[in-house]
Amino acid sequence: VFVGRSVPAKYEMLLLLAHSKPKGINRTALGNAAKCSQPSVSAALKSLGSDRMVHLGADKSYYITSSGEQTLGEWLIDSRR
C-alpha cells in the first residue's frame, strides 16, 4: 500500500530495486520484500526485463536501469495527482 493506495507489482518491483541500488537484489529477496503475490513478482520482472527497465546480472541479482528509474519517477509524480 502506498499512501492508502495499492501499488501495481511493476512499480513495486521498481521501488524495491531502486532502494537496493547499487548492489541489486536477488529474486528470493524481492519475493520476500514484495507485498504482491509470487506469480505477480515473476510476471512483473519478466515484463520489466522485456521493456529493459530491469537487468538480471551475472550474479543473479536484479538491477534497475536508467529507463526503469525514469519510468518510476514519472509514475511517482503522476501518482501524487
Legend entry - Closest non-hydrogen atom pair between S40 and A9, with its separation: O-CB, 4.0 Å

Contacts of [X] that satisfy side-chain contact (heavy atoms from CB on, under 4.5 Å) - sequence neighbours left out:
X   : result
A43 : none
S47 : D51
D59 : S61, Y63
K21 : I64, E69

How long is the gap from [atom1] on [X] to [atom2] on [Y], to the nearest 0.5 Å?
X   : Y   : atom1 : atom2 : result
I25 : M13 : CD1   : CE    : 9.0 Å
S67 : L72 : OG    : CG    : 11.5 Å
L15 : L76 : CG    : CG    : 5.5 Å

Legend entry - S79 side chain near Y11 side chain, heavy-atom distance below 4.5 Å: no

Inset, instruction - Please examine the side chains of K35 and S6, heavy atoms only from C-beta on, and report whether any two atoms are closer than 4.5 Å. - result: no

Inset, instruction - Mind jotting down which residue pairs meet the ring pair (Phe, Tyr, Trp, His ring centres under 6.0 Å) criterion with at least one end in residues 20-44? Sequence neighbours excluded, please. - result: none

Inset, instruction - With sequence neighbours left out, write down each residue that passes side chain to side chain donor-acceptor pair (under 3.5 Å) with T71, or none if nothing qualifies. - result: none

Give the table of side-chain donor-acceptor pairs shorter than 3.5 Å for residues 26-34, with sequence neighbours excluded, one pair per line with atom names and distance.
from : atom 1 : to  : atom 2 : distance (Å)
N26  : OD1    : T28 : N      : 3.2
N26  : OD1    : A29 : N      : 2.8
R27  : NH1    : Q38 : OE1    : 3.2
R27  : NH2    : Q38 : O      : 3.2
R27  : NH2    : Q38 : OE1    : 3.3
R27  : NH2    : S42 : OG     : 3.0
N32  : ND2    : T28 : O      : 3.4

